[in-house]
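Hydrogens, waters and symmetry mates are skipped; everything else that's a heavy atom, side chains included, is used. We count ligands from 1, going down the list as the structure has it; atoms in each ligand are counted the same way.
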Amino acid sequence: EKFTIVQSARAIPSRVVTNDDLASFMDTSDEWISSRTGLRQRHIVDTEDTSDLAVTVAEKLLHQAGLTADQLDFILVGTMSPDTLSPSVAQIVQGEIGAHNAFAWDLSAACSGFVYTLSMASSLLTTRYERGLVIGAEVLSKLVNWEDRSTAVLFGDGAAGVLLERTTAATGLLAESLKTFGERSQFLTAGQQQNANHFAGTLKTADPYFKMDGREVYSFATREVPNVLNEALAKADLTPDDIDVYLLHQANGRIISSIAKRFGQPIEKFPMNMASYGNTSAASIGILLDELREAGTVHAGQTIAIAGFGGGLTVGALIIKV
Ligand SMILES: O=C(O)C1CCN(c2ccc(-c3cc(CO)ccc3Cl)cn2)CC1
């Protein structure tokens with residue numbers, strides 16, 4: 001399905017929190033965190049909320065493209081950490097930038113959020129619309145229990161996105177494989193809200209913070225990511241060698257290494273930047289893509305694969321001709 005990635009941009013909070021910063025108030029260490037996860041630091045907001053980061057991304061994309069906001073047909077935001085349930089982050093962005101001709105909504109697919117949202121945008125561009133934004137934006141620091149060292153050390157805040165335009169060129173989505181395993185949803189949860197309505201019976205304890213069965217999510221990712229990559233490649237009639245670079249959700253360095261090994265591709269094709277950002281859920285692939293486009297590592301003419309995996313439990317892969 002034909003689209004071009006016209007621009008990419010990212011918005012990263014300025015505050016850096018290192019592993020040692022965490023160790024100063026939590027029973028953890030730089031050695032444990034970096035050896036088990038590959039993370040060395042993360043960016044944590046001061047007063048910005050998710051929509052502030054998303055607005056910055058949208059403004060950068062329009063400025064870089066020399067476009068005005070009213071030239072957009074849609075704004076889609078993948079997030080699991082919205083400011084509010086209503087308005088959505090996408091609707092706040094639409095209002096803030098004055099995209100009078102764009103419809104806007106959020107999509108919630110945790111760490112597969114960018115992949116699922118890009119797939120949705122591709123469908124919009126192939127059927128009816130000309131131009132839109134796909135943004136992944138997260139302030140996961142609001143969902144973290146900062147006394148739970150097993151999860152607090154893993155996550156970071158950030159946003160990134162792309163400006164997409166319909167095209168007649170042979171670029172865009174070649175194939176996809178999106179899968180959801182709801183029966184495993186309890187292995188990675190966050191944001192449960194309390195309902196104390198007048199008629200409520202016994203209230204279940206609302207747990208607003210991240211809870212993760214790391215072993216279950218780890219094994220899920222190493223099993224299911226190769227499956228969706230292989231399925232998408234088969235649909236595109238391509239082999240793993242045909243892919244120039246694999247952009248995987250930046251959750252954990254050891255997970256990406258084991259996926260690359262199982263998938264039989266050199267680790268050089270799996271760039272990683274989680275050391276700098278931590279796990280930023282729906283923002284992670286967009287941040288990596290923007291950095292790699294800036295460095296020229298990802299450029300026109302290549303065939304790339306992007307894959308998300310995590311909460312839901314969800315997993316998904318897109319094969320894209322850039
Ligand atoms: O080595 C250890 O003891 C532990 C072993 C468990 N680890 C994990 C496990 C899972 C995740 C993870 C999280 C999300 C949520 O966005 C999505 C996708 C993944 Cl694969 C991150 N880390 C950390 C080090």
Point to revise | For Ala251, the ligand 1 atoms whose distance to one of its heavy atoms is below 4.0 Å | key: 12 (C), 18 (C), 19 (C)
Review point. Is Asp148 salt-bridged to Lys211, cutoff N-O under 4.0 Å?
Key: no
Practice item. Specify the protein heavy atom at minimum distance from atom 16 (O) of ligand 1: its residue, its atom name, and the distance to 0.1 Å. Key: Cys111 SG, 2.5 Å
Review point. Heavy atom under 4.0 Å from ligand 1: found in Phe155's side chain, backbone, both, or neither?
Key: side chain
Exercise for review: Report the part of Arg215 (side chain from C-beta onward, or backbone N, CA, C, O) that has a heavy atom under 4.0 Å from ligand 1; answer both or neither where that applies.
Suggested key: neither
Review point. Do you know the tightest heavy-atom contact between Thr314 and Ala109?
Key: OG1-O, 3.5 Å
Check your understanding: Heavy atom under 4.0 Å from ligand 1: found in Phe210's side chain, backbone, both, or neither?
Key -> neither
Practice item. Show which atoms of ligand 1 fall inside a sub-4.0 Å distance from at least one heavy-atom site of Ile255. Key: 20 (Cl)
**Study point:** Check: Asp70 side chain, Ala99 main-chain N or O, donor-acceptor pair, under 3.5 Å
**Key:** no
Review point. To which protein heavy atom is atom 9 (C) of ligand 1 closest, and what is the distance rounded to 0.1 Å?
Key: Gly214 O, 3.5 Å
Check your understanding: Who pairs with Ala169 by side chain to side chain contact (heavy atoms under 4.5 Å, CB included), at least two apart in sequence or on another chain?
Key -> Thr167, Thr171
Review point. Does ligand 1 have any atom sitting under 4.0 Å from a heavy atom of Ser281?
Key: no
Exercise for review: Calculate, to the nearest 0.5 Å, the distance between atoms CD1 and OG1 belonging to Ile319 and Thr303 respectively.
Suggested key: 8.5 Å
Exercise for review: Starting from atom 5 (C) of ligand 1, locate the nearest protein heavy atom and write down its residue, its atom name and how far away it is, to 0.1 Å.
Suggested key: Tyr218 CD1, 4.1 Å
**Study point:** Minimum-distance pair of heavy atoms, taken over all atoms of Asn252 and Met274
**Key:** C-CE, 3.7 Å
Check your understanding: Should Asn279 be counted as touching ligand 1, given the test is an N or O pair under 3.5 Å?
Key -> yes
Point to revise | Set of side-chain hydrogen bond (donor to acceptor under 3.5 Å, both in side chains) partners for Asp20, sequence neighbours left out | key: none
**Study point:** Minimum-distance pair of heavy atoms, taken over all atoms of Val45 and Pro13
**Key:** CG1-CG, 3.6 Å
**Study point:** Salt bridge present between Glu294 and Arg10 (N-O < 4.0 angstrom)
**Key:** yes
Exercise for review: If you have a sec, work out which protein heavy atom is nearest atom 11 (C) of ligand 1 and how many Å separate them, to one decimal?
Suggested key: Met212 SD, 3.8 Å
Practice item. State if Trp32 counts as touching ligand 1 under the rule of any non-hydrogen atom under 4.0 Å. Key: yes
Practice item. Provide, to 0.1 Å, the distance between atom 3 (O) of ligand 1 and the closest protein heavy atom, together with that atom's residue and name. Key: Arg36 NH2, 2.9 Å
Point to revise | Donor-acceptor side-chain pairing of Gln71 and Asn101 below 3.5 angstrom | key: no
Exercise for review: Find all atoms of ligand 1 within a distance of less than 4.0 Å from any non-hydrogen atom belonging to Leu188, and give their numbers and elements.
Suggested key: 14 (C), 15 (C)
Check your understanding: Taking only heavy atoms of Arg254, which atoms of ligand 1 are found under 4.0 Å from at least one of them?
Key -> 1 (O)
Practice item. Could you pull out, from Thr280, Thr314, Leu313, Asn252, the option with a heavy atom nearest to atom 24 (C) of ligand 1? Key: Asn252
